[in-house]
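Here is the structure we will look at.
Each chain gets a letter, A, B and so on, in the order its sequence line appears, and its residues count up from 1. Quantities reported herein were computed from a predicted structural model and do not represent experimental measurements.
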Amino acid sequence: MRVRVAPSPTGDPHVGTAYQALVNLAFARSRGGVFVLRIEDTDRARSSLESEAAILDALRWLGLDWDEGPYRQSERLDLHRSEVDRLLAAGSAYRCFCTRERLDEMRRENRARQRFPGYDRRCRGLSSEESARRAAAGEEHVVRVAMPTEGECVMQDLLRGEIRREWELIDDQVILKADGYPTYHLACTVDDHAMGISHVIRGEEWINSLPKHLRLYQALGYEPPTFCHLPLLRNNDANRSKLSKRRNPTSITWFRDAGFLPQALLNFLGLIVSSRAEGEEKFSFDQLADGFRFEDISLGGPVFDLDKLRWLNARYLREDHDAAGLADLVREWSMGRERLAAIAALAQPRLETLGDWGRLTNFLFVDAPEVERAKLAVKGLEEAQVAEVLQFMLWTLEREQEFTADVIQGHFRRLSEALGLSLRDLTRPFYVAMSGQTASLPLFQSMEILGPDLVRARTRRAIDALGGISGKRTKKLQKRFEAVRAAS
RNA sequence: GUCCCCAUCGUCUAGCCAGGUCAGGACUCCAGCCUUUCAAGCUGGCAACACGGGUUCGAAUCCCGUUGGGGACGCCA
């Protein structure tokens, strides 16, 4: 029995990845199986080594260690390409020379006519001679799978049982991009087979792609594994969309930085996977793995309840540590040597006695400071406008990979110019959002020390403190934001 | 829009597959006890089977429909 988790290194280590890793690992441990880690980095533009490192770190922090890997898909291109060639030779796949413009146009039309927006299969009829000739001539193309055009795809999901879908509703999916990299569908299928994965346990968002994968298994002559689609973690707001960093802290590093214990987070995720009828809700990974059963997973999308996590975390804090142990924990969390030195550098010029330290640096040692609405005010701006400014910066920072004081300062300068606002006025509400106070340690350096996760969470809190921004308003704002961004 | 998945307290859920208990537990909230304060702890309380049909002596549980929510529809994963 072999399972895997296959995150894509395109952003912060997501708590959903931890959730899936947890289920896979628990299943593996309960049956003496092997747990494989595979990095899905076939998106050359968005994948980064930093993100990959952060994911490995986060999984290790949680104690979700892998038995094999990490494998990188980008290092397995020869295999992927040769399998594509095999499909091409067998006529199960074909080259497509359609331009992106034509595809966009076609999708727009189909959507407007409320039809299935898939590819119209224009290139599927090309003769193999013409196809080979144009490819040899260097014409840009992708490779698509030829899907069956009639009948029904009958799938088995471990949690849901049988699922049926008309084949004609399945698109001729691209499996090899113009840049020569495989898409998820191909790479995942080929690698799962090559790595002997017996159970594919992944998020529910893949359920619609299962027919494509099944077709690939068949065309490649592979025996398909057992598939199991886990419900998606949801946001805690009204619409309950799938958990996103837009609205909630989703990064595993945020949980670490905000002072949660890895055991508590893991336990919390485990509670979603396998909740006890009654009795003890605090349990270790080993206990979870011990009694692991797929039947215990409920199919409704669970809302991530931070309050319950805090309660669990509190229990770990006081039940699993004595006072001395807790002191070690706090020191480790808040005063890593490097971090402490950075804070000292900011505090030193503002310190009269060591006793000032607490007052001055307190905000760097809490998960979130209290923010008074009145303190967020900026002279000459409405509250709503202040909220918008905060939102603009939040969007800017969400895209920023390099979270250093200099880079952050650059963003503030540009935004102040673009909005015609003095840097002083622009930064004022951010001092309050970050520290809870109008007078505080230097903003940009403080933000660097806090790190992207806490900065984003605090900015969001400040926006909420000002009454928030409605969904409608957000859309309009986003347009203006793009305009401002383009201009600056 | 089309297709797929899902539906028990505000939240996580037990019960459903093998119909028959005041629908159970936990978080949150409220009250009381304990206590130098606050937490913690203890005790108690508020709170749910989305709706409509069917099958049945009997439906949260089985079937159908409606509604609601989510997901997918990319040369992203």
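Distance check on atom C1': C49(B) versus A40(B) gives 35 Å, rounded to whole Å. Taking the P atoms as reference points, G45(B) lies 31 Å from C62(B), given to the whole Å. One P atom belongs to G15(B), the other to A7(B), and the distance between them is 13 Å to the nearest Å. The separation of A48(B) from C12(B), taken at their C1' atoms, amounts to 13 Å, rounded to a whole angstrom. Nucleotides G20(B) and U43(B) have their C1' atoms positioned 33 Å apart, rounded to a whole Å. Remark: the separation of the P atoms in A77(B) and C16(B) is 42 Å, to the nearest Å. Using P as the reference atom, A23(B) and G70(B) are 31 Å apart when rounded to the nearest Å. Rounded to whole Å, the separation between the P atoms of G19(B) and A60(B) comes to 14 Å.
Counting to the nearest Å, the P atom of G71(B) and the CG atom of Leu230(A) are 16 Å from each other.
Under the 4.0 Å criterion applied to side-chain N and carboxylate O atoms, Arg331(A) and Asp328(A) are assigned as salt-bridge partners. Remark: Asp320(A) engages Lys282(A) in a salt bridge, criterion side-chain N to carboxylate O under 4.0 Å. Taking 4.0 Å as the cut-off between side-chain N and carboxylate O, Glu204(A) and Arg160(A) count as a salt-bridged pair. For Asp67(A) and Arg2(A), the salt-bridge test fails: no basic side-chain N is under 4.0 Å from an acidic carboxylate O. Salt bridge annotation for Arg107(A)-Asp104(A): present, with a cationic side-chain nitrogen under 4.0 angstrom from a carboxylate oxygen. Between Asp192(A) and Arg38(A) there is a salt bridge, since a side-chain N of the basic residue sits under 4.0 Å from a carboxylate O of the acidic one. Here Glu105(A) does not pair with Arg102(A) in a salt bridge; the nearest charged N to carboxylate O distance is not below 4.0 Å. The pair Arg315(A)-Glu280(A) meets the salt-bridge criterion, with a side-chain N (NZ, NE, NH1 or NH2) lying under 4.0 Å from an Asp/Glu carboxylate O.
Partner assigned to G44(B) is C30(B), using Watson-Crick or G-U wobble distances below 3.5 angstrom. Pair assignment for C57(B) gives G20(B), based on Watson-Crick or G-U wobble hydrogen-bonding distances that are each under 3.5 Å. Base pairing of A7(B): its partner is U67(B), meeting the Watson-Crick or G-U wobble criterion (both donor-acceptor distances under 3.5 Å). In this structure, C73(B) and G1(B) make a Watson-Crick or G-U wobble pair, each of the two defining distances being under 3.5 angstrom.
Of the residues in residues 180-198 of chain A, those lying under 4.0 Å from RNA chain B by heavy-atom distance are Thr183(A), Tyr184(A). Taken residue by residue, residues 307-318 of chain A places heavy atoms nearer than 4.0 Å to RNA chain B at Asp307(A), Lys308(A), Trp311(A), Arg318(A).
Residues satisfying the ring pair (Phe, Tyr, Trp, His ring centres under 6.0 Å) criterion with His193(A), sequence neighbours excluded, are Tyr222(A). Shown here are the side chain to side chain donor-acceptor pair (under 3.5 Å) partners of Tyr94(A), two or more places apart in sequence or in another chain: Asp172(A). Remark: Asn362(A) engages no residue in a side chain to side chain donor-acceptor pair (under 3.5 Å) (not counting sequence neighbours). Residues satisfying the ring pair (Phe, Tyr, Trp, His ring centres under 6.0 Å) test with Phe255(A), not counting sequence neighbours, are Phe260(A), Phe304(A). In this view, Phe363(A) satisfies the ring pair (Phe, Tyr, Trp, His ring centres under 6.0 Å) rule with no residue, not counting sequence neighbours.
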Which pairs would a plain distance check flag for residues 13-20 of chain A, meaning a side-chain donor or acceptor within less than 3.5 Å of a matching protein atom at least two apart in sequence or in another chain?
from, atom 1, to, atom 2, distance (Å)
His14(A), ND1, Gly16(A), N, 2.8

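The aromatic rings of Phe294(A) and Phe292(A) sit perpendicular to each other, their planes meeting at more than 60°, with 30° as the lower class boundary. Ring orientation note: the planes of Trp206(A) and Tyr184(A) are close to parallel, at an angle under 30° on the 30°/60° scale. Note on ring orientation: taking the six-membered ring where Trp is involved, the planes of Phe227(A) and Tyr217(A) are perpendicular (angle over 60°, cut-offs 30° and 60°).
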N/O contacts under 3.5 Å, protein versus nucleotides 29-34 of chain B?
none

Atom pairs under 3.5 Å: protein N/O with N/O of nucleotides 60-63 of chain B:
none

Sort me out a list of protein N/O and nucleotides 44-50 of chain B N/O pairs below 3.5 Å, or just none if empty.
none

Check nucleotides 4-6 of chain B against the protein and report each pair of N or O atoms closer than 3.5 Å, with its distance, or say if there are none.
from, atom 1, to, atom 2, distance (Å)
C5(B), O2', Arg160(A), NH1, 3.1
C5(B), O2', Glu204(A), OE2, 2.8

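Under the 4.5 Å side-chain criterion, counting only non-hydrogen atoms from C-beta, Lys308(A) is in contact with Leu271(A). With a 4.5 Å cut-off on side-chain heavy atoms, Ser284(A) and Gln263(A) do not count as touching. Residues Asp12(A) and Trp254(A) fail the side-chain proximity criterion, which asks for heavy atoms closer than 4.5 Å.
Considering only side-chain N and O atoms, Thr10(A) lies nowhere under 4.0 angstrom from the phosphate OP1 or OP2 of C76(B). A close approach under 4.0 Å does not occur between any side-chain nitrogen or oxygen of Arg46(A) and OP1 or OP2 of A77(B). Residue Lys212(A) has no polar side-chain atom (N or O) positioned under 4.0 Å from OP1 or OP2 of G74(B).
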